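Scroll down for the structure; my scribbles are underneath it.
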Amino acid sequence: MKPSRKQLGWFLLLRVVFICIFLGGTVVYQVRDGLTSAHPALPFFYLLIGLSFAHALAGALSLPRVKNLVLFTHTQIAWDLVFCFLLIALTGGTESPFPFLFVFIIISSSVFFSTREILIVAAASSILYGGLIDFQYYQVLPHPAGLPGLDPVAGREAFYTIFIHVVAFFLTALLSGALSERWRRSEAALAEQRIDYDELEALNKAILGNISSGLMIVNSQGRIRLFNRAAEMICGRSLKDVYNRRVDELFPGLEIMSGQGFVFHQRAEGDIFDASGQRKVLGYATSGIRDPRNRELGLLVSFQDLTQVKEMEEQLKRSDRLAAIGRLSAAMAHEIRNPLASISGSVQLLMETEGVSDEDRRLMGIVVKEADRLSSLLTDFLTYARPRPPRTEDCDISGLLDELIDICGTDPRFDQVVFIRDYESGIRFLVDRDQVRQALWGILINAAEAMDSAGEIRIGINRERGLIAIEDSGPGIPPDIAERVFEPFFTTKAAGSGLGLATVYSLIDGHGGRVEMTTGALGGARFLLCFGPGLVLS
């Protein structure tokens with residue numbers, strides 16, 4: 001096992017701490033007992049501790065630059081063994097209180113070495129200690145001048161001392177090796193588990209960041225604690241903007257909290273307003289979040305933006321409703337048109353009869369005039385109810401709009417209307433020119449009448465989206481009738497037929513497009529004729 005610099009750093013630090021405590025304890029012991037005459041071994045004792053202190057500091061300073069950490073660790077353990085041998089020799093051999101230091105060396109080696117190497121350290125400790133006792137027994141250990149020799153020891157006492165310590169060293173080595181191997185296996189398993197958790201966390205973050213549904217977690221106090229990327233895009237608010245804020249303050253249209261706590265929904269809908277103030281319809285579901293002990297931690301809210309889906313549903317409903325009305329009304333129009341033609345023809349014959357008074361002739365003229373008006377209305381309605389299929393062609397939309405604006409200049413209804421052209425020249429759509437011209441003319445007439453022939457009309461083209469926008473500075477359309485403006489025969493004008501916008505809708509729908517009505521920047525109504533980018537030629 002290769003030691004790490006972090007482990008060696010802690011080892012060297014603890015060694016310095018141990019030396020400081022050991023040396024400090026010795027000094028305190030001498031001062032407390034008032035020793036005036038020092039033992040002859042004390043200078044050597046202090047010298048040994050000082051060398052060990054210097055060695056530890058040198059090792060700590062050189063550790064960042066060491067390349068062979070295994071050799072460095074071996075030299076440190078070897079020095080500790082030599083230090084312990086000399087310390088025991090200076091403090092009385094068998095009488096020394098420090099043989100236990102070999103045990104600490106064996107234990108510390110288990111942090112870096114395998115069981116085999118720990119046993120080698122135990123063997124080295126046994127050899128050093130046993131050799132010291134043998135030197136003491138045979139009284140052959142050299143000593144400096146002035147330092148008393150070791151007291152002789154009896155053979156049985158020497159053997160017993162060696163036996164006890166060797167057994168202790170090897171038992172310590174075996175136990176430390178077993179614990180060290182188990183510790184390493186546990187550390188490896190923990191590292192592998194930590195890697196799995198890191199991978200799982202990264203995977204969860206990736207899922208939260210890329211899932212298309214908005215996710216929000218609300219704690220028991222009703223405060224938002226999580227807001228993923230999809231939620232930010234849907235609501236137009238960042239996590240920083242909503243974090244730890246009350247959900248009922250930001251999104252009061254969502255029924256999530258009540259006086260009794262969380263409200264759970266399998267499926268529900270609610271309205272919110274994004275950061276720009278735009279209304280959006282959300283479909284959402286709620287579920288509780290619990291810990292392993294089944295304690296409630298919060299509420300998970302998953303939601304999707306249903307605004308466009310709801311708009312499409314309304315458009316489909318409107319299309320179905322208008323189609324049903326159109327089929328029924330077309331059949332009725334044919335049934336009405338034939339008798340109406342008979343009535344008109346009969347009255348005209350009566351008008352040519354001799355002897356008819358002027359008053360009767362005037363009344364008959366009214367009947368013929370109203371019959372013709374009804375016939376014209378039926379013709380318009382049949383155009384709405386059963387429009388001919390569009391004959392698409394390469395149409396210069398920019399040129400068509402310029403032509404309509406020029407025609408409006410000759411119409412008294414547009415005398416005080418200012419046109420704003422918000423489009424480029426040369427934009428071409430693949431559409432039926434006559435039908436699109438009829439639809440645009442109907443919207444322009446509607447705008448002029450809404451403004452009482454005075455105001456501004458802006459006309460623009462969005463090439464990328466394939467739409468034409470027309471907005472006016474009139475009073476706009478009240479929200480309570482906005483959904484009915486495209487219904488046939490619905491009108492707010494005294495002399496209106498209610499077929500103008502309904503015909504516009506029918507003509508654009510025949511092109512596979514749609515008509516949208518919103519409030520424009522000029523303050524009035526804004527109509528969008530959406531053909532789609534597929535019909536844009538240039």
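Remember, it's a predicted structure, so these values are computed and weren't measured experimentally.
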ask   = For L444 and C408, what are the C-alpha separation, side-chain angles and deciding distance, and is it a side chain to side chain contact (heavy atoms under 4.5 Å, CB included)?
value = CA-CA 9 Å; L444 291 175; C408 291; 4.1 Å; yes
task = Go through the steps to decide whether F531 and I468 satisfy the test side chain to side chain contact (heavy atoms under 4.5 Å, CB included), and finish with yes or no.
result = CA-CA 8 Å; F531 296 95; I468 303 173; 4.0 Å; yes
Residues V436, H511; criterion side chain to side chain contact (heavy atoms under 4.5 Å, CB included); working and verdict = CA-CA 9 Å; V436 172; H511 283 77; 4.1 Å; yes
message = Assess the residue pair L401 and F419 against the criterion (side chain to side chain contact (heavy atoms under 4.5 Å, CB included)); give the C-alpha distance rounded to whole Å, side-chain angles, the decisive distance to 0.1 Å, and a yes or no.
response = CA-CA 11 Å; L401 291 174; F419 285 92; over 6 Å; no
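Ion pair R229/E232 not flagged as a salt bridge, since none of the NZ, NE, NH1 or NH2 atoms sits closer than 4.0 Å to an Asp/Glu carboxylate oxygen. In this structure, R391 does not pair ionically with E393, as no charged nitrogen and carboxylate oxygen lie closer than 4.0 Å.
In this structure R225 satisfies the side-chain hydrogen bond (donor to acceptor under 3.5 Å, both in side chains) test together with Y243, N244, sequence neighbours excluded. Every residue meeting the salt bridge (charged side-chain N to carboxylate O under 4.0 Å, His left out) condition with R279, not counting sequence neighbours, appears here in chain and number order: D271. In this structure, the side chain to side chain contact (heavy atoms under 4.5 Å, CB included) partners of P412, at least two apart in sequence or on a different chain, are D415. Taking the salt bridge (charged side-chain N to carboxylate O under 4.0 Å, His left out) definition, one finds that D248 meets it with R246, sequence neighbours left out. With sequence neighbours excluded, no residue forms a side-chain hydrogen bond (donor to acceptor under 3.5 Å, both in side chains) with D452. Considering only residues two or more places apart in sequence or on other chains, Q304 meets the side-chain hydrogen bond (donor to acceptor under 3.5 Å, both in side chains) condition with S213, R267. Applying the salt bridge (charged side-chain N to carboxylate O under 4.0 Å, His left out) rule to E424 yields the partners R463; only residues at least two apart in sequence or on another chain are considered. With sequence neighbours excluded, no residue satisfies salt bridge (charged side-chain N to carboxylate O under 4.0 Å, His left out) with R237. The side chain to side chain contact (heavy atoms under 4.5 Å, CB included) search around K369 returns none, not counting sequence neighbours. Y284 is linked by a side-chain hydrogen bond (donor to acceptor under 3.5 Å, both in side chains) to nothing, counting only residues two or more places apart in sequence or in another chain.
Checking side-chain atoms of E117 against main-chain N and O of S114 turns up a donor-acceptor pair under 3.5 Å. Between the side chain of S258 and the backbone N or O of V263, no donor-acceptor pair lies under 3.5 Å. At distances below 3.5 Å, not a single donor-acceptor pair connects side-chain atoms of T286 with backbone N or O atoms of V301. Using modelled atom types, no side-chain atom of S346 and backbone atom of I343 make a donor-acceptor pair closer than 3.5 Å. For D305 (side chain) and I234 (main-chain N/O), no donor-acceptor pair under 3.5 Å exists by modelled atom type. Side-chain N or O atoms of S398 include one that pairs as donor or acceptor with a backbone N or O of I427 at under 3.5 Å. Of the possible donor and acceptor atoms, none in the side chain of D406 sits under 3.5 Å from a partner among the backbone N and O of E403.
Counting non-hydrogen atoms of other residues, nucleotides and ligands closer than 6.0 Å to CZ of R465 gives a total of 12 or fewer. Environment of CD in Q416: sparse, with no more than 12 heavy atoms of neighbouring residues, nucleotides or ligands closer than 6.0 Å. Residue R421 places its CZ atom among more than 12 non-hydrogen atoms of other residues, nucleotides or ligands, all under 6.0 Å distant.
Residues F527 and V504 form no side-chain contact, since every pair of their non-hydrogen atoms from C-beta on lies 4.5 Å or further apart. Between T307 and Q278, the closest side-chain pair of non-hydrogen atoms is not below 4.5 Å. Using a 4.5 Å cut-off on side-chain heavy atoms (C-beta onward), T73 and F113 make contact. Side-chain contact between V431 and I397: present, with at least one pair of heavy atoms (C-beta onward) separated by less than 4.5 Å. For the pair F112 and V70, the minimum side-chain heavy-atom distance is 4.5 Å or more. Side-chain contact check for N462 versus L528: every heavy-atom pair is 4.5 Å or farther apart. With a 4.5 Å cut-off on side-chain heavy atoms, C395 and L400 count as touching. In this structure, R413 and I445 have side chains that are in contact, with non-hydrogen atoms separated by less than 4.5 Å.
With 3.5 Å as the limit, one finds no donor-acceptor pair spanning the side chains of D509 and S506.
The NZ atom of K280 lies 10.5 Å from the CZ atom of F251; values are rounded to the nearest 0.5 Å. Summarising the geometry, atom CG belonging to L299 is positioned 7.0 Å from atom CD1 belonging to I289; distances are rounded to the nearest 0.5 Å. Taking CE of M451 as the reference point, atom CG of N446 lies at 10.0 Å (rounded to 0.5 Å). Taken to the nearest 0.5 Å, the CZ atom of R182 stands 7.0 Å off from the CZ atom of R185. Taken to the nearest 0.5 Å, the CZ atom of R437 stands 12.5 Å off from the CG atom of D432. For the atom pair CD1 (I443) and OG1 (T503), the distance works out to 11.5 Å, reported to the nearest 0.5 Å.
For residues 468-479, every residue pair satisfying the salt bridge (charged side-chain N to carboxylate O under 4.0 Å, His left out) rule, not counting sequence neighbours, is listed here: R458-E471, E471-R526. Identified under the ring-ring contact (aromatic ring centres under 6.0 Å, His included) test for residues 291-310, with sequence neighbours left out: none.
Scanning both residues, Y423 and I459, for their nearest heavy atoms gives CD2-O, 3.4 Å. When all heavy atoms are compared, the tightest approach of I457 to A447 is CD1-CB, 3.9 Å. Between F227 and C235, the closest heavy-atom pair is CZ-SG, 3.9 Å. Contact detail for A525 and M517: the closest heavy-atom pair is CB-SD, 4.5 Å. D274 and G236 get closest at one heavy-atom pair: CB-N, 4.5 Å. The heavy-atom pair separating G222 from M257 by the smallest distance is CA-CE, 3.9 Å.
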